[in-house]
Every structure is written in C-alpha cells, then in structure tokens.
Amino acid sequence: MIELTPKLDETSGEALYMQLYRYIRGEIAAGRIPANNRLPSIRRLSSHLGISRTPVALAYDQLLAEGYIRSQPRSGFFAAEIEAIAASPLNSRVAVPPSLPRAYHASLEEPVRYDFGYGSVDLLSFPLTKWRKLMNRCLLSENSRLLLYGDLQGEPELRAEIAAYLHQIRGVRCLPEQIVVGAGTYHSLDLLFQLLKADVTCMAVEESVNNGVKSLLEQFRFDCRSLRLESDGVRIEEVYASRAQAVYITPSHQFPFGMTLSVNKRMKLLRWARERQGYIIENDYDGEFNYNGRPIPSLQSLDEDGRVVYVGTFSKSLTPSFRISYLVLPPALLEQFRLRRHSYDQLASPIFQKTLQLFMQSGDFERHMRRMRSLYHKKHDVLLQAVRQVFQGVAEIIGAGSGLHILLRIRNGMSETELVHTAKQAGVNVYPTSVYALEPEQTAACTVLLGFGGLTEEEIRAGIGLLKRAWCE
C-alpha cells in the first residue's frame, strides 16, 4: 500500500480536500503512485493526516469522477492506468490557439474549485446506510409488485405519510386521497397545467420565476401576466388587474429573491381566489428550511374554499435523484384527475416510494430533517458572516433567513455577466439571476445567486475569499 505524505495548510484559502486531491492527482500523473497500487482507506488516511474523514472522502470522490483512481468493492481504492487517464474526455484540455490573450488561456485552465450551485444538497449527511437497508427490504420477493408501474396516483401508504407530515410541519389540511405523487416538481406541474388548461387561459406569475417553470408556462401557452415583487411579496392589486384565472406563487420563500408573502397579502390573495373562482398554485419548494423560527405555515393551511394547489418536493430534504414530488389537489381538480383529463403517466419509482414510506414511518425522516435544518442553518450563517466580513458593504445580501441560497448585489461597477465570468476565472461558480425574469426590463442589476447546500463551511469561507479577490482587487 502506498503511503501518502501531503503537506496540507489549514490556513490556506484552499479547501483541504482540494489540496489533497491536487497532491494525489499529481503523484499519479507523475508516476510516483504507480498504476494499480492501492491507496490508504478513507479512515486510515484521515487518521494519518489528523483531519476528519470528510475532506478525504471528497478528494477521493473527485479523483474517482475524473478517472485518476478506481474503486474495487471490498478491496479499496487503486491508482488508475495513466494511459487511460490521458485518453479520458474528463481530463482532456481545451486547445488554446496561440492568438488568444494570456489571461484567457489562464481562465480556460483554471478548474472550478467552489461551486455555489443552487440545486446542490449536503450528500455527506444523507443516511445512506439506513436508506440502503430499507430499500433492500423493498427488493425482497414478497414485494415484487414494486417492480411494476404501481398506483397512478402514488403508493397509498406513502400518500398517508406525506399527508401526516405536511399537516405537522406545514399546516396543510388534506386527505391522502388528495395527494398525487410525481417524478419531480416539473413533472408535477406538467400534470397540474394539463388539469388547468381547459379553464385557465391567463395566469398571473411572480416577475421572477424558476426557469424550468418558465419553460413549462411557455409550452402550455398560457397568457402570463407578470406580478411585481415588494418586500412582502407580490402586489395584490396587480393580481386583480391581471384578469387571470390562476396565480403561480412561491409565498414562503420567493424564488429567487427570498421574500415571504405577508399574512395580510395571503388573506387578500385567498379572497381574490374565492371571488374570482381562481386557483392559487403554491410552490413550497424549500418551506422546511426557515432559520428565524418555526417554518411559516403554508398558504394552503388558510384556504377554506378549495382554491389552493399545494406543490412540494423531497429534492431539498433528501436528494434530487430520487425524483419524488407531490401535488395536493383541491376537490374539483382531483375529480379532473380521476376522470383522466390528462396524459399523465406516474413515473416516480414505486421502489423509491416504498423506501421513503418506510423511512418516514420509522421516524428516521423526521430525525434527518432536524439534522439538516441545523446543518443548513449553520452553513447559512457562515455564508452571511463571510460575506459581511469580506465585502464590508460592497455586497448587499438579498433573501437571507431561509432556504438554501441567497442573492448578492455587488456594487463594484461590474455587470452580472462580468461578475459571473470573473468569478469563474478565479475558480468559483456563481449564477446569474436575469434568467429568471419574465420580462427583460425586470432584470435585477449586478445580482448573482449563491447556493450553499452542497458546500462545507470551510469551502464557503474559501469561496467567498476568492470572490473578494476576483471582484474587488
């Protein structure tokens, strides 16, 4: 077995896992770790280096992804063949013409070290062992029915668990029969829009909206009316003026700007729905993660007239790859669903549904959520503290207090495009917000999005430090 002796600097702005990754990659590329030689286990290397297992696991994951090492079940990690590495498209370099300026050459070579992507979650905290154990139960011969398509509306036992969970955490009032399980939020919204299209031609929508939702709205050719946002949510007078038959809204944590719809506006919006016999589509995509007290009750919990459609997902609380979402349909739309006024085909895996049901029944889901709320709260606070310390007034924080992302408005004279580009040159991915605007003139100036769910506290601090150098030096 190879002994690894990297010199790790905990005071460096570079994360420990990235330092370790670079060291091992260099040793393999130089031939100092010959092909097929076994590397130390994660536990042994972390003990030898006097660091936690997390940075070692992250370094090995990156090396695996790039093909520098391979994993052999029950045997460990081994250096890959150097020829295979050189030929791998994951490790190919972009050919740079001699005429390109030197700075551009450097930007092509600089790898992304810190990715503040919105959709990332903390995978290291996922209870994989418990989940695998429960999933294995689903694959026993007596559960062979789970290998078929399953209930069109979703597994009944899971729907019962979701109904109980939503009532406890979000105040949602529904029967399991009102829930329709889907394969991701866009899949659920596609079904909902099919149910609505006979009665809805015009839809009022927050002025900035997730680009996937925006694409769906365009596909269904709804006449979309943009609703301007204030510090406490959409302008209700614009909802009335829109003449819409439905409103799409993210009231607990507006995406992407993060404000919460006030109670006063919630009641006015419900009154509009009752008076106009319109529908309110409440997308509660990350309502569980509120860091200023208990999660805010859902809009649906205040609905007495069956006018709110509640949309939820397990992508943020578990992992996006399971593709489990759900709709809570009011009676009228539930009847449309049962009459098959749609081309819906249930796509969420019955095996994943059954595993999730067992996970919730055992109490493990509730315990997992408590851990994740605490973990994301700490990351959220670390991010805010780092931004305030490093930028000292140059950056305005928007949308703090809940969810897994914030926005930064940077006052350094750069455009949004320049902010994203210079950050990438420094090895950091941040993301534009202009893509979410329904209308170009509504684009927020000099504002970028930073997700923090998938980064460690150390990586958050280091990434913000690099952004300061990229944007302010």
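Nothing fancy with the numbering, it's 1 onward along the sequence. Remember, it's a predicted structure, so these values are computed and weren't measured experimentally.
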Q.
Rounded at 0.5 Å granularity, tell me how far SG in C174 sits from CG in L327.
A. 11.5 Å
Q: Measure the OH-CD distance between Y285 and Q254 for me, rounded to the nearest 0.5 Å.
A: 7.0 Å
Q) Backbone N or O of A332 within a donor-acceptor pair of the E335 side chain at under 3.5 Å? A) no
**Q.** Validation row, ring centre F365 to ring centre F314 under 6.0 Å
**A.** yes
Q. M203 and side-chain contact (heavy atoms from CB on, under 4.5 Å): which partner among D223, V247, I281?
A. I281
Q | Candidate list E206, E439, E238, test salt bridge (Lys or Arg N to Asp or Glu O under 4.0 Å), partner R228, passing option | A | E238
Q) Between the main-chain N or O of I406 and the side-chain N or O of H380, is there a donor-acceptor pair closer than 3.5 Å? A) no
Q.
Please check this pair: side chain of E282 against backbone of S298, looking for a donor-acceptor N/O pair closer than 3.5 Å.
A. no
Q) Are the side chain of S252 and the backbone of G287 linked by a donor-acceptor contact shorter than 3.5 Å? A) no
(Q) Consider side-chain contact (heavy atoms from CB on, under 4.5 Å). Of D151, L152, L192, L329, which one does V180 pass it with? (A) L329
Q. Under 3.5 Å, side chain of N211 to main-chain N/O of K214, donor-acceptor pair present?
A. no
Q) Does a side chain donor of either W131 or T355 reach within less than 3.5 Å of an acceptor in the other side chain? A) no
(Q) As an exercise, state the distance from OH of Y291 to NZ of K378, rounded to the nearest 0.5 Å. (A) 13.0 Å
Q) Can any side-chain N or O of H368 pair as donor or acceptor with the backbone N or O of L318 at less than 3.5 Å? A) no
